[in-house]
**Q** 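One structure, as structure tokens, below. Some questions next.
It should be emphasised that the depicted structure is a prediction, and the values quoted were computed from it without experimental measurement.
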Amino acid sequence: MPPRPNLRLEINGHPVEVPCPDERILLDLIREDLDLTGSKRGCDLGTCGCCTVLLDGRPTLSCLTLARLAEGRSVTTIEGLTPHGGLHPVQRAFVEHGATQCGFCTPGFVLTAVALLRDEPHPDRERVVRAISGNLCRCTGYTKIIEAVLAASGGA
Amino acid sequence: MAATEERPPTRLLGTRIPYIDGPLKVAGRAEYTDDIKRPGMLVGRILRSPWAHARLRSIDVSEAARRPGVFAVLTGDEYPTPFGVLPITHDETALAVGKVRYVGDMIAAVAASDELTAERALAAIRIEVEPLPEHLDPAAGTRPVSEPIHARGLAGTNIQKEVAQHFGDVDAAFARAAHRVHVHGNFAGVTHAFTEPLVTLAEATPDGRLTVWSATQVPHYLHRALSEVLGLPMHRIRVIKPEVGGGFGGKSDPLPHEIVCAALALKTGRAVKILCDREDVFLTNHGRHPTQNDIRIALDADGGILAYDIEAMIDGGAWSSFGTVTTYYNGVLSMGPYRVPNFRYRGRRVYTNKPPSGAMRAHGGTNLRYSIEVALDELADELGMSPFELRERNALPPNSTTVNEFRITSTSFVKCLRAARERSDFDRKFRRLPYGRGVGLGCGFYISGSNSPIHFTPKMPQCTVHLKVDMDGGIAVHCMQADIGQGSNTLLAAIVAEVVGVDLDRVHIVRVDSDVSPIDLGSYSSRVTFMMGNAARLAAESLRDQLLRAAHQLTGYPVAQLRVGHERIEVAHRPEVHVSFQEALHAAMEKTGALLATGSYTSPPMGGSHKGARAGTAPAYSFAAYVAEVEVDVETGEYAAKKIWAAFDCGRPLNRLAVEGQVEGSIHMGLGQFMGEGMNYRGPRLLNPSLLEYKIPMPQQMPEVEVLLVGDDDPEGPFGAKEAGEGPLIATLPALGNALYDAVGVRFLDLPVTPEKVLRGIERARADGRRPRGG
């Protein structure tokens with residue numbers, strides 16, 4: 001069998017070409033091959049949301065996604081949110097509102113919130129709760145995360 | 001209590017201080033153990049037992065060891081030295097020696113070039129065993145059994161620890177009591193479910209040293225255990241704590257995979273990483289013990305508590321872990337927040353062939369408290385008294401001694417009760433809301449740091465903080481305290497900045513590294529704010545005094561007339577005369593170079609002289625009174641917590657943002673244990689070892705939380721503070737249980753209280769012809 005061609009995709013705005021076996025999981029590609037360790041491995045089952053990345057802008061569980069499915073697509077990890085440094089307004093709100101504790105779930109929540117606010121700039125509380133319900137946090141009780149997202153939206 | 005007005009006002013402490021590591025965490029740039037790679041790093045994997053209890057006849061690793069890409073295979077006989085978090089109960093080994101004790105017990109480990117090679121090598125290990133009787137029921141294990149799980153069990157039984165205490169005369173008190181109640185509680189085991197899995201990286205280097213990075217709450221206990229089991233002196237082991245993704249007690253024992261990882265590094269001479277998967281984490285457990293308790297309370301005619309008579313049957317699982325402490329705590333943590341003049345306790349913790357239980361947030365105080373608070377709710381009903389009045393009448397007074405000789409200093413418990421009652425509008429709602437809706441009160445009491453450090457030889461402070469300032473004007477802080485997300489780094493920096501009068505960004509918390517960090521005993525027993533806080537304050541005062549002396553040289557004013565201002569030192573009565581922090585620093589450095597300062601904390605002697613008297617002693621205690629409001633769908637049994645009014649006494653809250661975060665997170669965890677979490681077994685097999693099957697509450701399930709911080713300053717706490725990390729969990733459960741009773745008139749004493757149980761309870765009440773209350 002001829003070797004599989006390299007995987008081509010866009011990571012955080014940059015084109016990337018890497019060798020990639022068919023069974024490679026996107027999270028492994030990101031963490032192990034590309035050294036983007038901001039995406040976290042929490043459960044390997046798609047339950048905790050710590051591995052969330054944006055795939056063509058949509059929040060996606062990278063631990064359940066084959067890397068090959070990202071062929072020709074755009075992946076944004078937490079490192080790519082502010083390509084020129086500094087913090088995104090959602091990140092600033094998380095800091096100001098104490099929405100991080102241990103921080104392990106934080107990148108997933110931030111990316112989920114960024115996608116929500118891009119599509120719906122002024123969600124109400126219920127909408128925020130629904131949007132983040134695929135992410136687990138064991139430290140904060142979600143309270144300050146919800147406050148931070150609402151604050152970043154400039155709403156309620 | 002200590003009057004607030006005697007303390008100088010604070011500039012930073014007491015405000016809302018965003019976590020100093022927040023920017024790194026939101027950017028994904030905080031470094032956790034699994035984010036670290038070392039050159040030539042190998043993958044370590046562990047073979048776990050499919051047998052609950054079996055004697056190991058033979059382990060043949062020859063085929064596994066021959067496989068290409070396998071660098072080392074390890075079995076238990078190579079490092080048989082037993083260890084454990086408590087010096088008196090060393091009953092764990094790095095890998096099984098002689099027999100396995102639960103499904104998930106660790107038998108062998110490999111280090112290989114990659115994960116797949118490691119897994120295939122594990123599959124090639126051949127093991128012969130002789131199955132032994134499975135011991136799953138703790139009550140059965142209190143009698144002599146064939147093949148006890150450990151040789152050290154009491155007299156041929158599986159009892160790991162038995163505690164019997166009696167203070168006063170409980171029988172006489174019950175005989176003269178006007179009201180008596182008995183409550184039997186049953187609690188499933190629950191686990192921490194931190195988001196970062198257990199993970200350790202170890203590297204052996206040719207200089208004869210071993211470096212270990214690990215997701216641990218207590219770097220110092222890990223350091224000791226590594227030294228004991230591996231036979232290496234502590235100074236040749238370097239323990240580093242990167243960021244830790246939550247702990248809640250589950251990363252406080254030295255854990256076998258940590259020792260195995262280090263052993264594999266030594267055996268290969270390389271770096272080895274063991275990243276546990278979720279099933280590994282669940283099987284390692286060390287969570288809250290499955291418990292049954294019997295609480296008997298006697299009251300006089302006016303509602304005064306006469307006596308407690310308490311029994312607890314605690315399912316320990318395969319190891320001791322913190323179990324001896326657990327066994328004491330399940331009795332003695334009943335000694336607040338009420339005055340109890342007569343007290344009897346019998347507690348037994350029994351080994352079973354299940355994953356070990358250990359310490360989990362509000363260790364030993366949670367299940368006990370649930371049953372007590374439900375019992376008090378029953379008694380208040382019987383007396384026709386408000387549950388608030390009953391509790392207020394019995395509140396422990398400040399500066400008192402409990403019958404088992406706990407020293408109580410500050411308590412704002414009555415203020416907690418009044419705040420929760422008023423803010424929740426309890427009196428208007430209680431027993432008056434329509435059927436299916438209800439409010440309930442639950443209270444809490446917890447230690448603010450164990451007075452009795454787990455290691456007591458050699459005698460040394462519980463915490464030491466070092467400060468170093470060089471000409472750049474940055475203050476480097478060294479301390480082995482373990483920030484696991486609770487914000488202790490932020491508090492440490494804030495205390496130093498407060499005392500020295502500088503901006504927070506001058507203070508750098510140096511990552512915990514046993515080569516440079518002076519010892520602190522880590523994040524457990526809610527000890528960090530109190531003990532580290534005091535050590536940090538003393539270290540900072542020592543640094544401040546060096547700067548004041550330098551300012552005296554510069555200004556000519558005596559030190560007694562100088563004080564720190566914001567980034568400067570000024571003359572107290574003439575603030576316009578001042579020198580900047582940097583000027584004072586450089587003047588002070590002329591003699592010594594970089595300034596060094598140190599501070600440490602040792603808790604004062606306390607406690608009685610009876611056996612076990614130290615268990616539960618603490619330099620201070622936290623208090624809580626929570627009201628929960630619930631809504632029940634009486635057709636399905638589903639229910640929701642709508643709101644919790646959480647009145648908490650942590651003394652003076654030093655970082656309001658962090659204290660609120662602790663209260664909200666604690667409520668989430670308490671809600672989980674109450675509503676649905678449970679380690680479910682079929683025989684010895686854990687049925688739900690994943691976050692898919694073991695469900696922690698989702699955002700939709702969180703109630704609105706109103707945090708009411710009403711504590712007065714504690715006389716010994718740093719700036720008047722006490723703990724806020726564990727105590728805030730406890731009151732959640734009884735507030736919910738008592739609210740459900742108010743809503744549907746049924747007592748729930750079998751946790752978790754699933755919708756099925758609620759529905760069955762409602763149906764039973766209807767079948768009994770009990771009219772639902774309210775209307």
**Q** Quick one: what part of Glu704(B) sits under 4.5 Å from any heavy atom of chain A, side chain, backbone, both or neither?
**A** neither
**Q** Does any backbone or side-chain atom of Ile667(B) lie under 4.5 Å from a heavy atom of chain A? Answer side chain, backbone, both or neither.
**A** neither
**Q** Tabulate, in ascending numerical order, the residues of residues 73-88 of chain A having at least one heavy atom closer than 4.5 Å to a heavy atom of chain B, or enter 'none'.
**A**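 So far as heavy atoms go, Ile78(A), Glu79(A), Leu87(A) are the residues that approach chain B to under 4.5 Å.
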**Q** Does any backbone or side-chain atom of Lys37(B) lie under 4.5 Å from a heavy atom of chain A? Answer side chain, backbone, both or neither.
**A**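 Contact with chain A is through the side chain of Lys37(B) alone.
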**Q** Answer with side chain, backbone, both or neither: which region of Leu275(B) has an atom nearer than 4.5 Å to a non-hydrogen atom of chain A?
**A** side chain
**Q** Report the option among Asn135(A), Ile132(A), Val110(A) that has the most heavy-atom pairs separated by less than 4.5 Å from atoms of chain B.
**A**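 Looking at each option in turn, the highest pair count goes to Ile132(A).
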**Q** Return each pair, listed once, that meets ring-ring contact (aromatic ring centres under 6.0 Å, His included) where at least one residue sits in residues 90-112 of chain A; pairs must be two or more places apart or across chains.
**A** Phe104(A)-Tyr32(B)
**Q** Quick check on Met669(B) against chain A: is it the side chain, the backbone, both or neither that has a heavy atom closer than 4.5 Å?
**A** both
**Q** In terms of heavy-atom pairs under 4.5 Å, which option from Arg92(A), Gln91(A), Arg130(A), Glu96(A) contacts chain B the most?
**A**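 Answer, by heavy-atom pair count under 4.5 Å with chain B: Gln91(A).
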**Q** Mind running side-chain contact (heavy atoms from CB on, under 4.5 Å) on Thr143(A) and Met702(B) for me, showing each step along the way?
**A** CA-CA 8 Å; Thr143(A) 312; Met702(B) 262 306 276; 3.8 Å; yes
**Q** In terms of heavy-atom proximity below 4.5 Å to chain A, should Gln700(B) be classed as side chain, backbone, both, or neither?
**A** both
**Q** If contact means a heavy atom pair closer than 4.5 Å, which residues of residues 40-60 of chain A contact chain B?
**A**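 Lys40(A), Arg41(A), Gly42(A), Cys43(A), Leu45(A), Thr47(A), Cys48(A), Cys50(A), listed by number.
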**Q** Please state whether the side chain, the backbone, both or neither of Asp34(B) comes within less than 4.5 Å of a heavy atom of chain A.
**A** both
**Q** May I ask you to list the residues in residues 8-32 of chain A that approach chain B closer than 4.5 angstrom, counting heavy atoms only, ordered by number?
**A**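 Heavy-atom contacts from residues 8-32 of chain A to chain B are Arg31(A), Glu32(A).
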**Q** Which bit of Thr140(A) comes within less than 4.5 Å of chain B, counting heavy atoms only: side chain, backbone, both or neither?
**A**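 Backbone only.
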